[in-house]
Amino acid sequence: MSALLLAGSAHAQTVVLEHFTLIDGTGRAPVTDQSLVLVDGRIRWVGPAAKAPAPKSATTEDLRGKYLMPGIIDSHVHLGLVDGVDQNYAKYYNRANIERQLHLYAAYGVTSVYTLGTDGDAIHDVIADQRRIGRIDMARAYTAGRGVVFKGSYGGVPGLDQMVATPAEASAMVTREVAKGDDFIKLWMDDEFSTIAERMPYAMSKAVIDTAHKAGKKTAGHIFYYDNAAELTREGIDVFMHQIRDRTAGPELSRTMKARGTWQLASTLSREASFTYTLLPFVDDPFFARGVAPTTIAALKAPARQQKLGSSPLFPKYPAAFSNAMANFATQAKNGVAYGMGTDSGPSARFPGYFAHWELELMVKAGVTPLQALTAATGTNAKFLGTTQTGTIEKGKWADLLVLDRDPVADIRNTRAINAVYIAGRKVPTIWQTCIGRAADACGPAVQ
Ligand SMILES: [Zn+2]
């Protein structure tokens, strides 16, 4: 063992993973026969297996034939909103439920999540503990706290104090959120297919963005309409957390976004796709079903539910919104807009973990390569928050890792062939090993 590896770590726990194909999250092409040396949960060395140092007291794992990538980051989720398909912030927003969902994300290989504006104060306790402990066994959370909602308009959740009436109130709210320790700021500008009278006025969005920037925080926008995206780009918003869905956009806005450094951090294609079904097409897929309770599957399959969804006045509008989102994502990607990966999972019937894998598949269907989709979901998502802790396989970062049995660059659906998930260098149960969403008596044997 080299002196370097021993430095300052007399009782260090050292793990060597060797002979895997590396997808490092930077966008670099996969490299075969690589090794990693992990010390106390962090990446100490990465490179060709033939050149790897050989620490004496290390635990070594041979990952020949396997693919190793950074744990997935989902840039748009909501925590603690539901139990099964029942959504109720007042009832379910608590630390136990938040942490249960963070464990579920981890089982699916999603090792970090950004939670988007529906958080009460419990999230700050969870995050404070996570950052103090470091070597946790659930997904890492980053939060936008309470997002800013224009009073009477669309956004937020009932029961959470987040409505403001004037730009001055919005600005004061951002200041309060920054003081609570939010990692970034969120605003909503939408009117739910014109079913709500007003969208957030531009003077208010400008106040939010400017106040956040003065405090050194980025602002993330919920948008639906092209015109709002264009104006928010001019106002200096940092990222969009949904695609433009009212129409297909030409390349002009992409060029402006690229020039101004505005990112499309989440396109939530899986969200838009999910709305086009009365019965989700994967309810019997074991990769999905293992993450939910049997009662949830029964609730999804209930004829009355399907009838209700299908007869909603909004239901006929969703296919166009979905296809616009797919086309606009493709246009942005082609024109050099920086993009991440985010699902908007967490509200009712938008499922933690599973949706991240579906989102990656839809991104590829829309026109980017599997490697580009994987880079969006790892290195790019991490770059948004400027974190030096996660997102790529590089020296010094936490060993938050996803090990796959099959090549995700050959077929993006191979992200589901989860062999192992590591958080800070320790294995956590994968969805194939645990029945985390299920009652104990309904838990079948581990399958792969
Ligand atoms: Zn959302």
Side-chain angles (χ1 to χ4, degrees), residues 72-82 85 87-89 92-93 97-98 101-102 104-105 110 112-120 123 139 141-150 153-160 162-163 177 182-193 196 199-200 205 208 218-225 228-229 232 237-245 263-275 314 318 321-322 325 328-329 339-356 358-359 362-363 376-377 381 384-385:
I72 293 167
I73 301 172
D74 189 335
S75 70
H76 186 159
V77 313
H78 299 271
L79 296 172
L81 298 187
V82 297
V85 292
Q87 184 168 333
N88 187 325
Y89 172 83
Y92 302 125
Y93 191 83
N97 203 18
I98 289 168
Q101 292 178 346
L102 291 171
L104 183 56
Y105 277 107
V110 178
S112 292
V113 296
Y114 301 167
T115 173
L116 257 291
T118 51
D119 277 312
I123 195 69
Y142 298 82
T143 185
R146 285 166 171 79
V148 184
V149 183
F150 175 45
S153 186
Y154 175 86
V157 287
L160 187 64
Q162 55 188 153
M163 305 279 180
E177 286 301 308
D182 292 7
D183 297 289
F184 57 105
I185 298 298
K186 159 93 181 261
L187 65 83
W188 275 267
M189 188 177 285
D190 197 356
D191 61 10
E192 185 73 340
F193 295 100
I196 293 167
R199 300 177 213 158
M200 177 181 280
S205 53
V208 171
K218 291 183 173 176
T219 304
H222 168 117
I223 46 107
F224 179 91
Y225 296 96
N228 295 156
L232 286 168
I237 201 157
D238 298 281
V239 293
F240 293 124
M241 299 315 254
H242 295 285
Q243 263 302 341
I244 294 160
R245 289 159 284 164
W263 292 16
Q264 188 70 43
L265 198 64
S267 285
T268 67
L269 303 170
S270 49
R271 171 195 197 267
E272 313 317 327
S274 77
F275 292 158
L314 296 186
Y318 291 134
F322 172 53
N328 291 334
F329 170 64
Y339 57 89
M341 187 287 289
T343 63
D344 203 7
S345 55
S348 180
R350 306 214 299 269
F351 295 93
Y354 184 89
F355 268 43
W358 193 21
E359 185 78 20
L362 289 169
M363 288 168 77
N381 271 354
F384 163 64
L385 287 183

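The analysis underlying the following values was restricted to heavy atoms, covering all of them including side chains, and did not include hydrogens, waters or symmetry mates. Both counts, for ligands and for their atoms, begin at 1 and track the order of listing.
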Open item on the list: Determine whether the aromatic ring centres of residues Phe224 and Phe193 are separated by less than 6.0 angstrom.
Closed with: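 Yes, close enough.
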- [ ] To the nearest 10 degrees, could you say what angle the Zn ion (ligand 1) makes with NE2 of His78 and OD1 of Asp344?
- [x]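 About 90°, to the nearest ten degrees.
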TODO: Assess His76: does it contribute an N, O or S atom lying under 2.8 Å from the Zn ion (ligand 1)?
DONE: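 Given the 2.8 Å cut-off, His76 counts as a ligand of the Zn ion (ligand 1).
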Task: His222 backbone or side-chain N/O/S under 2.8 Å from the Zn ion (ligand 1) - done: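 No, His222 does not qualify, because none of its backbone or side-chain N, O or S atoms lies under 2.8 Å.
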Open item on the list: Against Ser270, only a single residue in Phe351, Tyr354, Trp358 fulfils side-chain contact (heavy atoms from CB on, under 4.5 Å); can you say which?
Closed with: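 Running side-chain contact (heavy atoms from CB on, under 4.5 Å) over Phe351, Tyr354, Trp358 with Ser270 returns exactly one hit, Trp358.
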Open item on the list: I'd like to know whether Lys218 forms a salt bridge (charged side-chain N to carboxylate O under 4.0 Å, His left out) with Asp238, so could you lay out the CA-CA distance, the side-chain angles of the two residues, the decisive distance to 0.1 Å, and finally the verdict.
Closed with: CA-CA 6 Å; Lys218 291 183 173 176; Asp238 298 281; 5.6 Å; no
TODO: Using only heavy-atom distances, determine whether the side chains of Ser345 and Tyr105 contain a donor-acceptor pair under 3.5 Å.
DONE: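 There is such a pair between these side chains.
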